[in-house]
Number of protein chains: 2
Amino acid sequence: MRTTDLRIIKTKQALHNALLTLLIQKPLEQISIAEICREAKVNRGTFYLHYEQKEGLFEEYFQEIMEDLYQSYEEPYRAVTTLDTNQLDPNTIRIFHHIERYKMFYRIVFSKNVPLTYYYMLFDGIYSLLERDITSHHEHQMADNISIGYYSAYQANAIIGLIIQWYRGDFSDSVTVLNQQLAAILKNVRSGG
Amino acid sequence: MRTTDLRIIKTKQALHNALLTLLIQKPLEQISIAEICREAKVNRGTFYLHYEQKEGLFEEYFQEIMEDLYQSYEEPYRAVTTLDTNQLDPNTIRIFHHIERYKMFYRIVFSKNVPLTYYYMLFDGIYSLLERDITSHHEHQMADNISIGYYSAYQANAIIGLIIQWYRGDFSDSVTVLNQQLAAILKNVRSGG
DNA sequence: TTAAATATTGAACATCTGTTCATTAAAATC
DNA sequence: GATTTTAATGAACAGATGTTCAATATTTAA
């Protein structure tokens, strides 16, 4: 029974809450570690016992949000939940819904003064979903000179490209529009333009 | 004749040189503004007269490097220099050469503790080259329900996806491999997998 | 060459960072 | 419940940040 010390849980919770409270008031880059600690009533030294930067704290939230993304694809009753862009029905794509749901959050993730870490977390998330799809759907086999790594990276980041464009329009387009765009792009590309 | 004040030029040059000197010794994140100013023999207050963060200084270098990317596509004697992935001959793609040439630099750009700004600069660069190709090559017309914005963002970021994968393997693959992978992926996608 | 314009400087300030350490408090284990 | 283990605290430190200001130096324009 290897449970985490209660004090650690309490401290982290207090820091999480403090960060959330402050994020409502101002962007992450304007929040200092000292401020978070004051708000959380936690000694500043204690913060450094658990994290190196405020970004580490933010990262813990991201983990939870990534869980939501993964779970979208774990629904057992969903017949086709493939992310593979070669056999993709845009209605099965849950990513844009996921982004929409956590819009507030992704506004931070995509803001320009934030470290690349978060971007990579999203990238890795989509990448691994894609990679799983590609390797599991054996019926669809690729030219064997294509590296699955490069292929997944290409497709994953292409989707994030759409999300960046979406973000830059302040997410004003609907999820449906995004799904349609993706479907149209894939169709267009396949037919050779 | 609206020339910049000589003093400004001198100051910026000193700061540029100082940053370069320090970047050889340690990563950007470990370099402080105070340190740059000491090295450049420039008053710290002066730094803030021109920049907000050390990242702004780094950004100025990036502009120059982006110039190289643009110029690759401006060579007038190159018959087809299209970036349009629908009519792409990988030999005409200069991007991977460009990245290779500035490898040292892009190692910083893609490192995880660096702000997203640089990523966006690269993205915007590729995006605008792509967008220009797509709108200029009229013979190739897309389904008109596709937004050029989304389409360009998709394609531009897909290419960066390859670069991320490349970076993560510490750029150990050759430019040729990257060009081949891109060609293979595009061919594979078009033929419907 | 002189006068006007403006960039740089040094000094100061409150605040933040990252780290250390002995002390205190709380939790886990017996 | 007492004991051991470990987390949290407060205080202190050198250094960094971001800002302001009057004084000075350099450049530009007349």
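Please read all numbers here as calculations on a predicted model, not as lab measurements.
- Of all nucleotides listed (D:dT27, C:dT17, D:dA7), D:dT27 comes nearest to the side chain of B:Leu6.
- Across the protein-nucleic acid pair, B:Glu35 atom CD and D:dA16 atom P stand 7 Å apart, rounded to whole Å.
- Contacts of B:Lys10 with the nucleic acid, taken as non-hydrogen atoms under 4.0 Å apart, involve only primed sugar atoms and P, OP1 or OP2.
- The side chain of A:Tyr48 has C:dT19 as its nearest neighbour among C:dT8, C:dG10, C:dT19.
- The salt bridge (charged side-chain N to carboxylate O under 4.0 Å, His left out) check on A:Lys41 picks up nothing, with sequence neighbours excluded.
- In this structure, of D:dT9, D:dT17, C:dT8, it is D:dT9 that holds the atom nearest to the side chain of A:Val42.
- Rounding to the nearest 0.5 Å gives a distance of 7.5 Å between OH of A:Tyr48 and SG of A:Cys37.
- Close to D:dA8, at under 4.0 Å from its OP1 or OP2, lies a side-chain N or O of A:His50.
- Across the protein-nucleic acid pair, B:Asn113 atom CG and C:dG18 atom P stand 11 Å apart, rounded to whole Å.
- Taking only side-chain atoms of A:Arg44, from C-beta outward, the nucleotide of C:dG18, C:dC16, D:dT27 with the closest atom is C:dG18.
- Nearest nucleotide to the side chain of B:Ser32, out of C:dG18, D:dT17, C:dC16: D:dT17.
- Residue-level contact check: B:Leu49 touches the bases, meaning some heavy atom is under 4.0 Å from a base atom.
- Nucleic acid contact for A:Thr46: base, since at least one base atom lies under 4.0 Å from a heavy atom of the residue.
- B:Tyr120 carries A:Arg168 over the face of its six-membered ring, with the cationic atom under 6.0 Å from the centre and within 45° of the normal.
- Taking atom CD of residue A:Gln30 and atom C1' of nucleotide C:dT15, one finds them 15 Å apart after rounding to whole Å.
- Between B:Gln53 and B:Asp5, the residue anchored closer to the 5' end of DNA chain D is B:Gln53, taking for each the nucleotide with the nearest heavy atom.
- For the pair B:Arg38 and D:dA16, the criterion of a side-chain N or O lying under 4.0 Å from OP1 or OP2 is met.
- Between A:Phe58 and A:Phe105, a ring centre-to-centre spacing shorter than 6.0 Å is recorded.
- Using a 4.0 Å heavy-atom cutoff across all strands shown, B:Asn43 reaches at least one base atom of the nucleic acid.
- Here the P atom of nucleotide D:dT19 and the CZ atom of B:Phe47 are 12 Å apart, to the nearest Å.
- For A:Glu55 and C:dC16, the CD to P distance is 16 Å, given to the nearest whole Å.
- Taking atom CD1 of residue A:Ile9 and atom P of nucleotide D:dA7, one finds them 12 Å apart after rounding to whole Å.
- Applying the salt bridge (Lys or Arg N to Asp or Glu O under 4.0 Å) definition to pairs two or more places apart or across chains, those involving residues 54-69 of chain A are A:Lys12-A:Glu60, A:Asp68-A:Arg101.
- For D:dT26, its base sits under 3.5 Å from the side chain of B:Arg7 at one donor and acceptor pair at least.
- Summarising the geometry, the separation between CD on A:Gln13 and C1' on D:dA7 is reported as 16 Å, rounded to the nearest angstrom.
- A side-chain N or O of A:Tyr106 and one of A:His98 form a donor-acceptor pair less than 3.5 Å apart.
- Proximity of A:Lys41 to the phosphate of D:dT9: no side-chain N or O atom is located under 4.0 Å from OP1 or OP2.
- Between the CD1 atom of A:Ile36 and the C1' atom of C:dT15 there is a distance of 15 Å, given to the nearest Å.
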